[in-house]
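Input: a single structure, listed below in structure tokens.
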Amino acid sequence: MAHIKRVFLFLSVFFTVLWLLADTLWPQPLTYFSFRSVFVQLSGWLAMAAMSLAMLLALRPRWLEAPLHGLDKMYRLHKWLGISALVLGLLHWWWAKGTKWMVGWGWLVKPPRSGAAPEYTGLEAWLRTQRGLAETLGEWTFYIALVLLVLALVKAFPYRLFRKTHKLLALVYLVLVYHTLVLFKFAYWSQPLGWAMAALLLVGTVAAVLVLTGQVGRSRKVAGTICSLQTHPGVQVVEGSIALQSGWPGHQPGQFAFVTSSRSEGAHPYTIASAWNPQQQQLRFVIKALGDWTGQLQDYLHEGLPVQVEGPYGCFDFTDQQPRQIWIGAGIGITPFIAKMKHRLSHPSTQVIDLFLVTAERDDEALQRLRADAAAAGVNLHIRLSREEGRLTAEQIRAAVPEWQQASVWFCGPAAFGQTLQQDFHRHGLASGRFHQELFNMR
């Protein structure tokens, strides 16, 4: 999380400095209207830069996974860029449109033009003829974008509708590219700022077209069939295996995949709960009913159902050089640790592992299987039944693992719980970068 914050801060500073190399927020003479002129350009530049990068991240580019520490972190950055574009777009809209309203209301007096009107030639002259259309399209497209971005942030909005409406932002982006090409200050195009804008618009445009034509993740998709299925109604969990056709590249324990079992619903991300065996060509998933779609899976899924799997994704792969690791799985967050224990059977390691399971619901069969997996993998298992024993704390983990300072911590579960544990461990001296948390939230 800290890494993504640094990346976001760097991008914010970099794009602002790049604009300041081309213009100033202190024009002379400094008046409301002279400031408005440059601020509209700055806010428009920053909003389009954020949207362009968000469009790039929407492609789930494999080459950015490692630098950004996984697709879950990429999606968090994508979300922050979208929110930034929304805020900057609001400021841009108000200074552009609100000023005109205030002049009409008599609150502001627009200064008269001084001297003869400049003469424009060539491309600049043609762009000037497009300004009215570009402003109108930009305004109405902004209203549409505002609604779509707000819907994306409303968790109660159904995922299947979110997926369809969010895709429309690619079309919105293409209209805003036209708006930008026409209204971006012409003098900027011959400077590094203009070159950066051209590159961002090109990347964003290509990404938008790929999104609209359904090309996202196409090279990483493999067809499969559900070959076994088991339900656990007591804990609202579905457990099943998918037999894959050729093309799956293999995966590391802790990674996840997007699975499509219904075209109308689209792809949902699930952590892979099995180690990869090239001879079997199967993936196993353990899915808990946590939303509108996952709540229907027990009735919808059946053996023989064709599905599509896209992946693998994620960098929650347990890779480090520490002699010990502490694993913490809260609820369905136990899934990546099940996969890693399976992996340890065929890839023995000298790392000492302590696994803490925190669960509010008790399923004796599932707990017995987990104990067997832990024993076979040589993992020290600690089970915390939160309804009976209360919530697990970092202090209790340190008491159970006295050598915790020589360990790395791997957490998968509710984000707020993970953040609380991370802050506590860092306050007590856990080295920076040794607490790993999966941000398994794709919107």
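- When all heavy atoms are compared, the tightest approach of W80 to I4 is CZ3-CG2, 3.4 Å.
- Between the side chains of S408 and R434, no donor-acceptor pair of N or O atoms lies under 3.5 Å.
- No more than 12 heavy atoms of other residues, nucleotides or ligands shown are found within 6.0 angstrom of CD on Q419.
- A distance below 6.0 Å separates the ring centres of F316 and F318.
- Taking 4.5 Å as the limit, every side-chain heavy atom of L42 sits out of range of all side-chain heavy atoms of D23.
- F186 contributes atom CZ, which lies 5.0 Å from atom CD of E124 (distance to the nearest 0.5 angstrom).
- Results of the side-chain contact (heavy atoms from CB on, under 4.5 Å) test with W140 over L137, I144, T136 single out T136 as the only residue that passes.
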Check your understanding: What's the verdict on side chain to side chain contact (heavy atoms under 4.5 Å, CB included) for T129 and Y120, showing C-alpha distance, side-chain angles and the deciding distance?
Key -> CA-CA 11 Å; T129 67; Y120 302 102; over 6 Å; no
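- If you take CG on L81 and CG on L11, they are separated by 7.0 Å, rounding to the nearest 0.5 Å.
- Without hydrogens or angle criteria, S37 side chain to S34 main chain gives no donor-acceptor distance under 3.5 Å.
- Heavy-atom minimum distance, R284 versus S274: N-OG, 2.9 Å.
- Side chain of E310 to main chain of R220: no donor-acceptor pair is present (N/O by atom type, distance under 3.5 Å, no hydrogens or angles).
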Review point. Between R344 and I353, does a side chain to side chain contact (heavy atoms under 4.5 Å, CB included) hold up when you go through it step by step?
Key: CA-CA 11 Å; R344 277 172 66 92; I353 308 296; 3.5 Å; yes
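- Without hydrogens or angle criteria, R36 side chain to A96 main chain gives a donor-acceptor distance under 3.5 Å.
- In this structure, the side chains of V203 and S52 stay at 4.5 Å or more apart for every pair of heavy atoms.
- To the nearest 0.5 Å, atoms CG (L68) and NE2 (H78) are separated by 13.0 Å.
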Point to revise | Audit row: Q396, R384, side chain to side chain contact (heavy atoms under 4.5 Å, CB included) steps and yes/no | key: CA-CA 11 Å; Q396 292 164 346; R384 183 83 175 186; 3.3 Å; yes
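- A 4.5 Å side-chain heavy-atom check between W195 and L18 finds every atom pair outside the cut-off.
- Proximity of a side-chain donor or acceptor of T141 to a complementary backbone N or O of G138 within less than 3.5 Å is not detected.
- A side-chain donor-acceptor contact under 3.5 Å links Y32 and T99.
- When every heavy atom of T165 is checked against every heavy atom of L148, the shortest pair comes out as O-CD2, 3.6 Å.
- Expressed to the nearest 0.5 Å, how far CG of L385 lies from CG of L392 amounts to 11.5 Å.
- Residue A208 comes nearest to L174 through the heavy atom pair CB-CD2, 3.8 Å, listed as atom of the first residue, atom of the second, then distance.
- E65 places no side-chain N or O within donor-acceptor distance of the main-chain N or O of C315, the cut-off being under 3.5 Å.
- Within a 6.0 Å sphere centred on CH2 of W105, heavy atoms belonging to other residues, nucleotides or ligands number more than 12.
- A parallel orientation is assigned to the rings of F142 and W93, their planes being inclined by less than 30° (bins at 30° and 60°).
- Taking 4.5 Å as the limit, every side-chain heavy atom of T335 sits out of range of all side-chain heavy atoms of F256.
- The distance from the NZ atom of K110 to the NZ atom of K100 is 7.5 Å, given to the nearest 0.5 Å.
- Within a 6.0 Å radius of CZ in R427, more than 12 heavy atoms belonging to other residues, nucleotides or ligands are found.
- Between Q281 and W276, some side-chain heavy-atom pair lies under the 4.5 Å cut-off.
- Between R60 and L71 the shortest side-chain heavy-atom distance falls below 4.5 Å.
- Between F14 and F10, the two ring planes are parallel [angle under 30°; tilted spans 30° to 60°].
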Check your understanding: Where do R369 and I338 land on the side chain to side chain contact (heavy atoms under 4.5 Å, CB included) test, with the steps shown first?
Key -> CA-CA 10 Å; R369 288 169 57 188; I338 294 174; over 6 Å; no
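- Put simply, the side chain of M341 reaches to within 4.5 Å of the side chain of L355, judged on heavy atoms.
- Between the side chain of T359 and the main chain of E361, a donor-acceptor pair closer than 3.5 Å is present.
- Aromatic ring orientation, Y159 versus F162: tilted (interplanar angle from 30° to 60°).
- Remark: aromatic rings of F337 and W410 are distant, center separation not under 6.0 Å.
- Between I272 and A339 the shortest heavy-atom distance is O-CB, 3.4 Å.
- Note that R391 lies in the cation-pi zone of F417, set by a 6.0 Å cut-off to the ring centre and a 45° limit from the axis.
- The aromatic rings of H251 and W248 sit perpendicular, their planes meeting at an angle over 60°, well past the 30° parallel limit.
- Within a 6.0 Å sphere centred on NZ of K342, heavy atoms belonging to other residues, nucleotides or ligands number 12 at most.
- At distances below 3.5 Å, at least one donor-acceptor pair connects side-chain atoms of H3 with backbone N or O atoms of P67.
- L430 contributes atom CG, which lies 13.0 Å from atom CD of Q423 (distance to the nearest 0.5 angstrom).
- Side chain of W95 to backbone of F35: no donor-acceptor contact under 3.5 angstrom is found.
- Across all their heavy atoms, H92 and S43 have their closest contact at ND1-OG, 3.1 Å.
- H428 places a side-chain N or O within donor-acceptor distance of the main-chain N or O of D424, the cut-off being under 3.5 Å.
- E265 is not listed as a side-chain neighbour of Y300, based on a closest heavy-atom distance of 4.5 Å or more.
- Remark: the backbone N or O of V222 is not paired with any side-chain donor or acceptor of Q245 at under 3.5 angstrom.
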